[in-house]
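Notes to accompany the following structure.
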There are 2 protein chains.
Amino acid sequence: MGKYDALKLDNQLCFPLYAASREIIKIYHPYLSKLDLTYTQYITMMVLWEVKKITVKDLGKKLYLDSGTLTPLLKTLEKRGFITRKRSEKDERVLVVEITEEGDKFKDQAVNIPAEVGSCVKLSEKDAKDLYRILYGLLDNSL
Amino acid sequence: MGKYDALKLDNQLCFPLYAASREIIKIYHPYLSKLDLTYTQYITMMVLWEVKKITVKDLGKKLYLDSGTLTPLLKTLEKRGFITRKRSEKDERVLVVEITEEGDKFKDQAVNIPAEVGSCVKLSEKDAKDLYRILYGLLDNSL
DNA sequence: TATAATTTAATTGTACTCAATCAAATACAA
DNA sequence: TTGTATTTGATTGAGTACAATTAAATTATA
């Protein structure tokens, strides 16, 4: 065990996480670009398809993203007519994002993406489950 | 099982990968900013500390990054005196990156980072091993 | 109540990330 | 050899990411 072995790329756990994350997002690209969505926009829509209405703060908590990323992204989705952005009447600091009828209907365009991408990613049932459990374990430990 | 269940964030495998990757990189931030390195610069240096000399193409293969990311990053490291960039004499298309004496010595500043970050990431020995194996399984399957 | 502290988004600046394109060098084929 | 295809890195443009700062609104405190 050399003094610098811990600095070898092969001994890192974060690096394959970082690389695999980006590589899988690349698999999404052809499917998402047909819908003119980026991956970040896609997961944002995914939250909104489910909850319909959410504050920027709570959206950021769900996606692990801050307003520096979300503000311009949400403005793009707003221009496209998929969402509305309105200040809360109860608390003017809070911005509430809500999906529009059009944004909700757009879900039908995306419904097959998980299956199409899933079929590209070779992973056994067990490994997929373990991976899911380990990653959420990390995230829940308030990484 | 609803028609749109596959589109729920909680049913995605890519999302926790993407989120955990970024969250762990955030743990590196305070340690790396002391050295005035970004995470991407850090893993680049890691490769060079090990191999000393490599082409941009091979570096990109190791890091799963392309020249659009690497070119400006390598120019930054060059300005800092950590590396040199020279065209190969045998093939002028090829750019060879080599670590300098100064860049190599800088390794001593970074040697404790893996241990410091590692102690922040709560993960059992077994989960760490499984995670490593699964992620490299994905990457090797030429994701 | 006045003021201090906190919360929330937005903004700013730096640095990726990558698809797409380009240009130069090299390899290959007719 | 000459034209064609491939390889390689650089460039460009759009879109994140995120730390740090700002500003407005609200809450807590003296």
Side-chain angles (χ1 to χ4, degrees), chain A residues 15 18-45 54-61 63-80 83 85-97 143, chain B residues 15 18-45 54-61 63-80 83 85-97 143:
Chain A
F15 170 69
Y18 161 75
S21 156
R22 288 181 297 111
E23 290 300 305
I24 293 189
I25 288 173
K26 278 185 208 167
I27 297 178
Y28 279 91
H29 187 262
Y31 304 104
L32 291 176
S33 73
K34 274 183 212 158
L35 308 187
D36 198 23
L37 282 181
T38 64
Y39 182 74
T40 318
Q41 290 166 8
Y42 170 64
I43 58 176
T44 301
M45 289 304 293
I54 192 171
T55 67
V56 170
K57 180 183 167 60
D58 288 343
L59 184 60
K61 254 189 219 160
L63 298 177
Y64 297 86
L65 290 169
D66 76 358
S67 64
T69 302
L70 288 175
T71 297
L73 185 154
L74 292 170
K75 285 179 179 173
T76 302
L77 293 176
E78 186 186 34
K79 266 188 214 132
R80 203 158 158 196
I83 64 165
R85 296 166 68 249
K86 283 205 192 85
R87 292 282 165 186
S88 159
E89 285 170 18
K90 276 179 294 200
D91 185 340
E92 293 275 348
R93 291 169 306 180
V94 174
L95 191 134
V96 178
V97 179
L143 256 191
Chain B
F15 170 69
Y18 161 75
S21 157
R22 288 181 296 111
E23 289 300 306
I24 293 189
I25 289 174
K26 276 184 209 167
I27 296 179
Y28 280 90
H29 187 262
Y31 304 104
L32 291 177
S33 73
K34 274 183 211 159
L35 309 186
D36 198 23
L37 281 181
T38 64
Y39 182 74
T40 318
Q41 291 166 8
Y42 170 63
I43 57 175
T44 301
M45 290 304 293
I54 192 170
T55 67
V56 170
K57 180 182 166 60
D58 288 343
L59 183 60
K61 255 189 217 158
L63 299 177
Y64 297 85
L65 291 170
D66 77 359
S67 64
T69 303
L70 288 174
T71 296
L73 185 153
L74 293 170
K75 285 180 178 173
T76 303
L77 293 176
E78 186 185 35
K79 266 187 213 135
R80 204 158 157 197
I83 63 165
R85 297 165 67 249
K86 283 204 191 85
R87 292 280 165 188
S88 160
E89 285 169 19
K90 278 179 295 202
D91 185 341
E92 294 274 349
R93 291 170 305 182
V94 173
L95 191 134
V96 179
V97 179
L143 256 192

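Proteins get letters first, then strands, A, B, ... in listed order; numbering begins at 1 in each.
- As judged by a 4.0 angstrom heavy-atom cut-off over every strand, A:T76 is placed among residues making no nucleic acid contact.
- Checking D:dT26, C:dA19, D:dT7 against the side-chain heavy atoms of B:R93 singles out D:dT7 as nearest.
- Computed from coordinates, the B:K61 NZ to D:dT8 C1' distance equals 12 Å when rounded to whole Å.
- A close approach under 4.0 Å does occur between a side-chain nitrogen or oxygen of B:Y18 and OP1 or OP2 of D:dA17.
- Note that CD1 of B:I43 and CG of B:L63 are 5.0 Å apart. Values are rounded to the nearest 0.5 Å.
- A sub-4.0 Å separation between OP1 or OP2 of D:dA19 and a side-chain N or O of B:R22 is absent.
- Backbone-only engagement by A:L73 is indicated by non-hydrogen atom pairs under 4.0 Å involving sugar-phosphate atoms exclusively.
- Looking only at side-chain heavy atoms (C-beta outward), B:K61 and B:I54 stay at 4.5 Å or farther from each other.
- The side chain of A:R87 lies closest to C:dA9, out of D:dG9, D:dA19, C:dA9.
- A:V56 has its side chain out of reach of A:R85: every pair of non-hydrogen atoms, C-beta onward, lies at least 4.5 Å apart.
- Out of C:dA19, C:dA9, D:dG9, the shortest distance to the side chain of A:L95 is found at C:dA9.
- Separating the OG atom in A:S21 from the CD1 atom in B:I24 is a distance of 11.0 Å, to the nearest 0.5 Å.
- In the region residues 35-45 of chain B, proximity to DNA chain C at under 4.0 angstrom, judged on heavy atoms, holds for B:T38, B:T40, B:Q41.
- To the nearest angstrom, C1' of C:dA10 lies 15 Å from CG of A:L59.
- Atom P of nucleotide C:dC16 and atom CZ of A:F15 are separated by 15 Å, given to the nearest angstrom.
- Relative ring orientation between A:Y39 and B:Y18 is described as perpendicular, the plane-to-plane angle rising above 60° on a 0-90° scale split at 30° and 60°.
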Just do the side chain to side chain contact (heavy atoms under 4.5 Å, CB included) check on B:F15 and A:Y42 with the steps written out, would you?
CA-CA 11 Å; B:F15 170 69; A:Y42 170 64; over 6 Å; no
Just list the side-chain donor-acceptor pairs under 3.5 Å for residues 86-94 of chain A, sequence neighbours left out, or say none.
unit_1	atom_1	unit_2	atom_2	d
A:R87	NH1	A:E92	O	3.4
A:R87	NH1	A:R93	O	2.8
A:S88	OG	A:K90	N	3.2
A:S88	OG	A:D91	N	3.2
A:D91	OD1	A:R93	N	3.0
A:D91	OD1	A:R93	NE	3.0
A:D91	OD2	A:R93	NE	3.3
A:D91	OD2	A:R93	NH2	2.6

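- Dashed line: the shortest gap from a side-chain N or O of A:T71 to OP1 or OP2 of C:dA10 is under 4.0 Å.
- The shortest distance between the side-chain N/O atoms of A:R85 and the OP1/OP2 oxygens of C:dA10 is below 4.0 Å.
- Computed from coordinates, the B:D66 CG to D:dT11 P distance equals 13 Å when rounded to whole Å.
- Of the side-chain N and O atoms in B:S67, none sit less than 4.0 angstrom from OP1 or OP2 of D:dG9.
- Atom CG of residue A:L59 and atom NZ of residue A:K57 lie 12.0 Å apart, to the nearest 0.5 angstrom.
- At a threshold of 4.0 angstrom between heavy atoms, the contacts of B:D91 are confined to the sugar-phosphate backbone, with no base atom among them.
- For C:dT11, one of the phosphate oxygens OP1 or OP2 lies less than 4.0 angstrom from a side-chain nitrogen or oxygen of A:K75.
- Taking the nucleotide of DNA chain D with the nearest heavy atom to each of A:P72 and B:H29, the more 5' of the two is matched to A:P72.
- Positionally, the nearest nucleotide of DNA chain C for A:L70 lies more toward the 5' end than for the other of A:L70 and B:L65.
- Both A:I25 and A:E89 lie near DNA chain D, and the one whose nearest nucleotide falls closer to the 5' end is A:I25.
- Here the P atom of nucleotide D:dA10 and the CD atom of B:E92 are 13 Å apart, to the nearest Å.
- Atom CG in A:L63 sits about 13 Å away from atom C1' in D:dT16, given to the nearest Å.
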